[in-house]
*Asks:* 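I'd like to ask some things about the structure below.
By convention here, the first residue in the shown sequence is residue 1. Only this structure's heavy atoms are used, side chains among them; waters, hydrogens and symmetry mates stay out. It should be emphasised that the depicted structure is a prediction, and the values quoted were computed from it without experimental measurement.
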Amino acid sequence: LNIAPYSAEALKGAQAAGKPVALHFHATWCGTCRAQERAFQGMKDAPELKDVTLLVVDYDAEKPLRKTLNVRSQSTVIVYKGDKQTAMVAGETEPAALQRVLKSAL
């Protein structure tokens, strides 16, 4: 699992290349987000997720993106294979469940 800060360019590049990419809407003040972050950090070396990129979106700063993607709460994870959405969850902190969500793009 490759974890990087969100940028519109990074998302567009991954989508244009048809790659699996996920957005994690994260807020520093959100306990659920921190639990998700720990779960994702624990997946960094998972061989089955080596092709997945997780872009960490600043929930408070990216209001236009939230509106475009209809994200209503921090701790939302949206997964794409290219430009096709394959999964969306909010508030999930169970590592196995988060891994299944990421694998939906493979």
*Asks:* How about Phe25 and Val56: do any of their side-chain heavy atoms sit closer than 4.5 Å?
*Replies:* no

*Asks:* Provide the closest heavy-atom pair for Gln74 versus Cys33 in the form atom of the first, atom of the second, distance.
*Replies:* CG-SG, 3.7 Å

*Asks:* With the side chain counted from C-beta on, respond yes when Leu102 and Leu98 share a heavy-atom pair under 4.5 Å apart, and no when they do not.
*Replies:* no

*Asks:* What pair of heavy atoms forms the shortest contact from Asp58 to Asp60, and how long is it?
*Replies:* OD1-N, 3.0 Å

*Asks:* Determine the minimum heavy-atom distance between Lys44 and Ile3, stating which atoms define it.
*Replies:* CG-CD1, 3.8 Å

*Asks:* Under a 4.5 Å cut-off applied to non-hydrogen side-chain atoms, are His24 and Leu55 in contact?
*Replies:* no

*Asks:* Taking side chain as C-beta onward, heavy atoms only, is Val21 less than 4.5 Å from Leu11?
*Replies:* yes

*Asks:* Write down the atom of Met43, the atom of Pro95, and the distance for their closest heavy-atom approach.
*Replies:* CE-O, 3.3 Å

*Asks:* At what distance, to the nearest 0.5 angstrom, does NZ of Lys12 lie from CD of Glu9?
*Replies:* 6.0 Å

*Asks:* Keeping the roles fixed (side chain from Glu92, backbone from Ala97), state whether a donor-acceptor pair exists under 3.5 Å.
*Replies:* no

*Asks:* Nearest 0.5 Å please: distance from the OG1 atom of Thr68 over to the NZ atom of Lys63.
*Replies:* 13.5 Å

*Asks:* Nearest 0.5 Å, please: how far is CG in Asp45 from CG in Leu1?
*Replies:* 9.5 Å

*Asks:* Linking I/L/V/M/F/W/Y whenever their side-chain heavy atoms sit closer than 4.5 Å, directly or via other members, would Leu106 and Val77 fall into one cluster?
*Replies:* yes

*Asks:* Does the cation-pi check pass for Arg66 over Tyr59, that is, NZ or CZ under 6.0 Å from the six-membered ring centre and within 45° of its axis?
*Replies:* yes

*Asks:* Are the side chains of Glu37 and His26 in contact, using a 4.5 Å heavy-atom criterion?
*Replies:* yes

*Asks:* Taking atom OG1 of Thr28 and atom CZ of Arg34, what is their separation to the nearest 0.5 Å?
*Replies:* 7.5 Å

*Asks:* Leu23 and Tyr6: which non-hydrogen atoms are nearest, and at how many Å?
*Replies:* CD2-CD1, 3.8 Å

*Asks:* Quick check: closest heavy atoms across Thr76 and Met88, and the distance to 0.1 Å?
*Replies:* CG2-CE, 3.7 Å

*Asks:* Could you tell me if the side chain of Gln99 sits less than 4.5 Å from the side chain of Leu49, heavy atoms only?
*Replies:* yes

*Asks:* Would a hydrophobic clustering, with Ile, Leu, Val, Met, Phe, Trp and Tyr connected at side-chain separations under 4.5 Å, put Val101 with Tyr80?
*Replies:* no

*Asks:* Looking at Gln85 and Val79, would you say the former's side chain and the latter's main chain have a donor-acceptor pair under 3.5 Å?
*Replies:* no

*Asks:* Quick one: does any side-chain atom of Asp51 pair with a main-chain N or O of Lys19 as donor and acceptor, under 3.5 Å?
*Replies:* no

*Asks:* Do Ser104 and Thr86 get their side chains close enough for a donor-acceptor pair, meaning under 3.5 Å?
*Replies:* yes

